Structures are given as C-alpha cells and as structure tokens.
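Report on the structure given below.
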Amino acid sequence: MKVSELLSYCMAKNGAEQNEHDEWQATQVKAKGVLFAMLYDVDGRPVVALKSTPALADLIREQHSDVRPSEHLNPSHWNTVFLDGSLKDSQIYYLVDASYQQVQK
C-alpha cells in the first residue's frame, strides 16, 4: 500500500485533520483533536501507527510479523503496521476504521 493512498483514506474520515510531528518525522491524522493514525518510516519502510483495543492489538501482532507494538505511543493500545508487509490493503483499511472508531467514543 502506498502512503499517499492511506493518507487519502484517513483524510476522508469525518473531521479528519492532518499535521506534522517534527520530532518523530511523522504525519499525524486526528479527529476531534484525537490522534487515530500516524504515518512515518521505520528503517526506511513506511508504517502507520493505529489505535485499537489491547485484545485486538495482541491478536494482530500474533498473526502478522509486520505488526509490532508502537515505539512512540502506548504499546498496549497502539500497533505499528508496515505498509509494505504481509497485510492486505483491506486489512489495513479495517485497522484504520477500528482506530477511527476508538477516538469517536
């Protein structure tokens, strides 16, 4: 999946706003002022950090080696998903939707 495609998908969410986090060299996407996606690179590979329930975070990590605990955000709720890895685009979109739903509560 291309970063530009994922960013467009995130920005199409109701109330989505984009800003840059200079310290982490990351693009943050927030809804209602709350972060739900953060795009950046890890070792030259594109990733997105996404929020979920702790149970879903653990399940996804167990099933996919290209999903890891977040290094910048609370790892019990946030996963780092490699965009050039084993997850299908549809799975990444599902995780974006789940993350967006987490901040709508």
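What you see is a predicted model; the values in this text were computed from it and never measured.
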Problem - Leu35 side, atom CG; Lys30 side, atom NZ - distance, nearest 0.5 Å - result: 6.5 Å
Practice task
Output, in order, the C-alpha distance, side-chain angles, deciding distance and verdict of side chain to side chain contact (heavy atoms under 4.5 Å, CB included) for Thr53 and Gln102.
Solution key: CA-CA 8 Å; Thr53 63; Gln102 286 287 309; 3.5 Å; yes
Exercise for the section: Find out whether Leu50 and Asn79 are in side-chain contact, i.e. whether some heavy atom of one side chain is under 4.5 Å from a heavy atom of the other. Expected result: no
Exercise for the section: Give the minimum heavy-atom separation between Pro75 and Ser70, together with the two atoms involved. Expected result: CB-O, 3.8 Å
Handout entry: Side chain to side chain, Tyr100 and Asn14, heavy atoms closer than 4.5 Å
Key = yes
Handout entry: Straight-line distance of Leu39 CG to Trp24 CH2, nearest 0.5 Å
Key = 13.5 Å
Problem - Closest contact, heavy atoms only, Asp41 versus Pro46 - result: OD1-CA, 3.4 Å
Exercise for the section: Could you grab the distance from atom CG of Leu83 to atom CG of Leu6, nearest 0.5 Å is fine? Expected result: 5.5 Å
Handout entry: Minimum heavy-atom distance Met38-Ala26, with the two atoms named
Key = CG-CB, 3.5 Å
Problem - Side-chain touch Gln91/His64, heavy atoms, less than 4.5 angstrom - result: yes
Practice task
Before giving the answer on side chain to side chain contact (heavy atoms under 4.5 Å, CB included), spell out for Glu17 and Met11 the whole-Å C-alpha distance, their side-chain angles and the decisive distance to 0.1 Å.
Solution key: CA-CA 7 Å; Glu17 300 173 347; Met11 291 304 298; 5.6 Å; no
Handout entry: Any donor-acceptor N or O pair under 3.5 Å, side chains Thr80, Glu71
Key = no
Practice task
Identify whether the distance between the nearest side-chain nitrogen and carboxylate oxygen of Arg61 and Asp66 falls below 4.0 Å.
Solution key: no
Practice task
Nearest 0.5 Å please: distance from the CD atom of Gln18 over to the CD atom of Gln28.
Solution key: 10.0 Å
Handout entry: Shared hydrophobic cluster, Val67 / Leu56 (ILVMFWY, side-chain heavy atoms < 4.5 Å)
Key = yes
Exercise for the section: Quick one: closest heavy-atom pair of Ala31 and Val103, and the distance? Expected result: CB-CG2, 4.2 Å
Handout entry: Within one Ile-Leu-Val-Met-Phe-Trp-Tyr cluster: Trp78 and Tyr94, side-chain cutoff 4.5 Å
Key = no
Fill in the blank from the handout: For Gln25 and Tyr40, the nearest pair of non-hydrogen atoms, with its separation, is O-CB, 3.7 Å
Exercise for the section: Hey, could you give me the CG/NZ distance between Asp84 and Lys2, rounded to the nearest 0.5 Å? Expected result: 13.5 Å
Handout entry: Separation of Leu59 CG from Ser52 OG (nearest 0.5 Å)
Key = 9.5 Å
Problem - Enclosure of Glu20 CD (heavy-atom neighbours >12, cutoff 6.0 Å) - result: yes
Practice task
Give the C-alpha distance, both sets of side-chain angles, the deciding distance and a yes or no for side chain to side chain contact (heavy atoms under 4.5 Å, CB included) between Leu87 and Leu95.
Solution key: CA-CA 10 Å; Leu87 269 76; Leu95 293 173; 3.8 Å; yes
Exercise for the section: Establish, yes or no, whether the cationic atom of Lys51 lies under 6.0 Å from the six-membered ring centre of Phe36 and within 45° of the ring axis. Expected result: no
Handout entry: Residue pair Cys10 / Ala37: nearest heavy atoms and the distance that separates them
Key = SG-CB, 3.9 Å
Handout entry: Test item: Ser8 side-chain N/O and Ser4 main-chain N/O as donor-acceptor pair under 3.5 Å
Key = yes
Practice task
Please tell me if the side chains of Val29 and Leu7 come closer than 4.5 Å, counting only heavy atoms from C-beta onward.
Solution key: yes
Exercise for the section: Would you kindly confirm whether Val48 and Met1 end up in one hydrophobic cluster when ILVMFWY residues are joined by side chain heavy atoms under 4.5 Å apart? Expected result: yes
Practice task
Could you tell me whether the side chains of Tyr9 and Asp97 share a donor-acceptor contact shorter than 3.5 Å?
Solution key: yes
